[in-house]
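Contents: one structure, followed by commentary.
First the proteins, then the strands, lettered A, B, ... as listed; each starts at 1.
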Amino acid sequence: MHIPDGYLGPYTYIAMWIIMIPIWYYAGRKLSSELKSRQVPLLALAAAFSFVIMMFNLPLPGGSVGHATGAAIIGIILGPWAGVIAMTVALALQALMFGDGGIWTFAANCFNMAVVMPFSGYYIYKYISGKAPLTSSRRAVSAAIAGYISLVLAAASTGFMFGIQPLLHQSAEGIPLYMPYGLNIALPAMLLQHIFGYSILEAVITALIFGYIQKTDASLLYGEKIIAVDRNSGKSAPA
Amino acid sequence: MIPDWMNNVDLQPGHFSAGRHGKKGFIGKTIEGILGFLEEAFLSESYSKRPGLMQSLDPRVKLLSILAVVFAASMISDLKVLVAIYLLTLLITYLSKIGVGFFIKRVWLFIPIFAGIIAIPMIFNVFLPGDPLYTIIHLGAGAHLGPFSLPESIFITKQGTMAAVIFTMRVATCVSAVVLLFLTTPQQILFKSLRTVGVPKIYVLTLQMTYRYIFLLMEQVREMYIAKKARTIKSRGLIDDQKWVGGRIGYTLIRSLSMSEKVHMAMLSRGFSGEVHIMQEFKMSQRDYLAGAAAISISLVLVLISQDIIRV
């Protein structure tokens with residue numbers, strides 16, 4: 001889902017920078033007032049975790065393996081705004097270390113994976129879990145649904161960006177200059193492979209991580225700090 | 001004082017080997033992925049220390065130049081011009097003492113090949129009408145595939161092929177420029193140079209810290225998988241293994257959050273007040289200005305070409 005440079009035309013990627021800059025600015029303001037001096041280490045470790053989560057291979061039926069993006073669980077646990085920054089930093093590292101995702105398309109990638117995913121993930125989880133107790137299975141199910149839908153939404157947003165390219169950029173002879181397929185092809189192509197593939201995996205992994213956190217230290221969940229006993233109790237997690 | 005031998009940098013790319021893992025299950029693949037990551041990181045670090053053209057330039061100039069060139073390349077839709085920029089990146093690669101073969105492989109391996117695969121359908125007239133170049137099959141009038149009606153014959157079009165080649169070439173050129181940037185700049189310095197394009201200090205520091213802790217977390221993940229492998233005689237069922245992975249990710253998350261607390265306290269005890277200072281150690285020399293001016297004027301010319309103001 002990382003869009004490289006050259007897939008999107010300048011109108012689209014510049015528009016995405018214009019959308020993303022206020023989002024980053026607001027997230028930064030909000031976090032520095034909430035987290036104060038804790039901001040840098042917390043976000044750095046959260047971003048490092050978002051980066052590392054992709055290294056965990058999950059065994060799949062048929063002997064293949066897969067991994068998750070983890071953006072939804074980051075949103076659920078750190079809250080959507082911290083999720084925005086943590087994912088942005090992780091995406092920046094992927095672009096600057098491996099060329100995974102372009103530099104001009106960076107804002108577009110951040111919109112799909114660092115805004116759409118943590119936000120939809122967090123709010124879907126919040127909405128479905130309602131007032132269920134922290135350790136209830138309803139919450140784990142909501143996390144799974146949040147993981148599933150958030151990835152589908154991110155895929156839809158990516159497919160939409162691809163699909164509008166032939167409308168925006170064509171040569172005089174009507175030949176598309178960037179991503180060549182219109183919405184009628186790009187959107188279903190992105191959606192189908194996620195609805196029946198990656199999103200299921202994302203849902204499973206989100207639920208598994210959530211289940212573990214629930215069992216081990218439910219006080220880590222964003223917005224549930226009232227019942228938090230001691231933030232350092234993470235130490236006692238079984239190794 | 002640091003002894004000389006510690007300052008010496010081995011410029012040869014190292015090779016990380018996971019050893020044989022027999023049949024590669026999810027454990028073997030994870031360990032291999034992590035070692036691959038480390039190998040890649042050390043490799044680009046070793047390239048960035050070589051005495052070459054790009055390495056000798058100020059990182060801020062490099063960043064702005066590459067941004068300008070990638071922007072210009074993303075506007076160009078003339079194949080000749082794109083090939084020219086691509087060849088220019090290869091020339092700079094050579095002058096920066098990076099193996100050109102390695103560079104081409106590194107660039108093409110993932111992204112442009114993938115772009116090429118995406119572009120393949122568009123060479124057929126089914127997706128993009130155009131003049132026939134090579135007819136594959138003649139279906140006759142009224143042919144259809146399920147609910148879709150097909151054109152009389154399926155052929156490869158001239159326009160479609162051209163558009164597909166330009167699309168792939170543009171992606172390859174842009175990726176080459178970015179790969180060139182990060183292969184020739186040590187990561188920490190590259191992050192610092194982001195200040196020039198307006199990234200706030202606090203995020204430069206966050207990026208630098210993230211980069212450091214990634215290696216620590218990677219090592220922890222590798223140890224978990226190796227420990228699991230060492231204790232596995234007969235693999236448990238799929239569900240149990242999946243649960244194990246989910247638990248390890250959750251555990252890594254808990255550990256990183258509690259580590260962030262400890263790091264925070266360690267920072268406070270060393271006088272961190274929340275205000276970020278970054279040492280400014282870059283110095284621009286005449287050749288930096290020269291290189292920057294050259295890159296930006298090339299990009300400007302390219303943009304003018306793309307707008308048909310200059311004709312080639």
Task: Neighbours of chain B found in residues 87-94 of chain A - heavy atoms under 4.5 Å - done: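 Hits under 4.5 Å: V89(A), A92(A), L93(A).
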
Under 4.5 Å from any heavy atom of chain A, what part of [X] do you find: side chain, backbone, both or neither?
{"X": "A119(B)", "result": "backbone"}
{"X": "L183(B)", "result": "neither"}
{"X": "P200(B)", "result": "neither"}

With side chains defined as the heavy atoms from C-beta onward, is the minimum distance between [X] and [Y] less than 4.5 Å?
{"X": "F51(A)", "Y": "Y213(B)", "answer": "no"}
{"X": "L257(B)", "Y": "L78(A)", "answer": "yes"}
{"X": "I254(B)", "Y": "F49(A)", "answer": "no"}
{"X": "L253(B)", "Y": "Y212(A)", "answer": "no"}

TODO: Measure from the side-chain N and O atoms of W104(A) to the backbone N and O of V70(B), and report whether any donor-acceptor pair falls under 3.5 Å.
DONE: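 A pair under 3.5 Å: no.
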
Task: F37(B) and F98(A): CA distance, side-chain angles, deciding distance, ring pair (Phe, Tyr, Trp, His ring centres under 6.0 Å) verdict - done: CA-CA 9 Å; F37(B) 163 83; F98(A) 302 110; 5.7 Å; yes

Open item on the list: Enumerate the side-chain hydrogen bond (donor to acceptor under 3.5 Å, both in side chains) contacts for residues 4-17 of chain A, please, sequence neighbours excluded, ordered by first and then second residue.
Closed with: T12(A)-Q165(A), Y13(A)-S74(B)

Task: Pair listing, salt bridge (Lys or Arg N to Asp or Glu O under 4.0 Å) test, anchored in residues 106-120 of chain B, at least two apart - done: E40(B)-R106(B)

- [ ] Would you mind listing every salt bridge (Lys or Arg N to Asp or Glu O under 4.0 Å) that reaches into residues 235-247 of chain B, with sequence neighbours excluded?
- [x]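 Only K228(B)-D241(B) qualify under salt bridge (Lys or Arg N to Asp or Glu O under 4.0 Å).
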
